[in-house]
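Presented below is the structure to which this report refers.
Bear in mind that the values here come from a model prediction, so they are computed numbers and not experimental data. Start at 1 and go down the list; that is how both ligands and their atoms are numbered.
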Amino acid sequence: MKKKLLSGIQPSGTIHIGNYFGAIKQFVDLQDNYDSFVFIADLHAITTIQNKEDLSKNILDVALDYLACGLDPEKVCLFKQSDLAEVTELAWYFNCITTMPYLERATAYKDAHMKTKEVNIGLFDYPILMAADILIQDADVVPVGADQKQHVEYARDTAQKFNKIYGETFKLPEPLILKNVAIVPGIDGRKMSKSYKNTIPLFGTDEEIKKAVMRIVTDSKGTDEPKDPDTCNIFALHKLFLKEDALKILHDKYTKGGLSYKESKEMLLLEILNLVKPMREKREMYAKDLDKVRNILKNGAKKAKTIALEKMNIIRDKVGVKI
Ligand code: TRP
């Protein structure tokens, strides 16, 4: 039997090629090997997005993005977190066995607290809602970026705590920190991130993608000069696209000299567009038929909810609210 995989994605606006290679592609690659559940973490998003139009637009956008990138609704149970109100109920039971000092140790909370003293309770409680997402589905593995590893540990701790108080109920999920998760550099060489404004959009127009690629920062070596592929921001991005042999040829061109940065950028642009074009078409197809997307989410929710309700039945009994 396949192991059960679960992961949530925050609906946080336009995605870029860093998101694709750093996370989305991995979900898509994993969907064949696991019994996969992927949901849009819209309840988590409310900790930061408190605007109706933005939130509902982002939810649909992220669904379109993932479908366009190859997530297959036939293989993956894709749903929206808020369709499973049971997770908020479970989070409450967890809240009652969780202490404040324990949550105060969460890195994400500490960072938020440094920036603003007025952290909302939803953000403070973020790891507990996430624990509920994971544990209510009896997930075996949770693929996450390294920054989310601590959250999976919170889910494990919480499962153990509950099991100790109420008896064996939850299995302990394993984080799946994908080994070759690419740290994708942005056009300025720092990690590609929306907050650094150094991204190459995944679903931008040809023009927008071109503009970002042409702005990739390089040193000022002329065409004939030998160049160092290992410190070149363009080369670092080529690595995501080119197979070993093609990359080796490019590597040689760099070290020999004769290839301008402009040419290297033009090659990269073609590589990006080759990847993006079919995905963009798929995205447009789904965007024209939003009811189809809503239906995919609805069917996913139905399946996930059946599992959640079964689990809640046991949990309510253990907690003592079922009389
Ligand atoms: N915290 C995750 C992120 O920001 C999103 C998330 C919410 C999640 N619930 C989850 C991920 C459960 C994995 C499992 O990326």
Parallel, tilted or perpendicular: which describes the rings of F37 and F79, with under 30° parallel and over 60° perpendicular?
perpendicular
Assess the pair Y126 and H151: is the distance between their ring centroids shorter than 6.0 Å?
yes
Can E153 and K149 be counted as an ion pair, charged N to O under 4.0 angstrom?
yes
Find all protein N or O atoms under 3.5 angstrom from an N or O atom of ligand 1 and list the pairs with distances, or write 'none'.
{"from": "ligand 1", "atom 1": "1 (N)", "to": "Y126", "atom 2": "OH", "distance (Å)": "2.7"}
{"from": "ligand 1", "atom 1": "1 (N)", "to": "Q148", "atom 2": "OE1", "distance (Å)": "2.8"}
{"from": "ligand 1", "atom 1": "4 (O)", "to": "Y126", "atom 2": "OH", "distance (Å)": "3.2"}
{"from": "ligand 1", "atom 1": "9 (N)", "to": "D133", "atom 2": "OD2", "distance (Å)": "2.8"}

Within 45° cone of Y196 ring axis and under 6.0 Å: R190 NZ or CZ:
yes
Describe, in one word, how the ring planes of F94 and F162 are oriented to each other, choosing from parallel (under 30°), tilted (30 to 60°) and perpendicular (over 60°).
perpendicular
Any idea how Y102 and Y154 line up, ring-wise: parallel (<30°), tilted (30 to 60°), or perpendicular (>60°)?
tilted
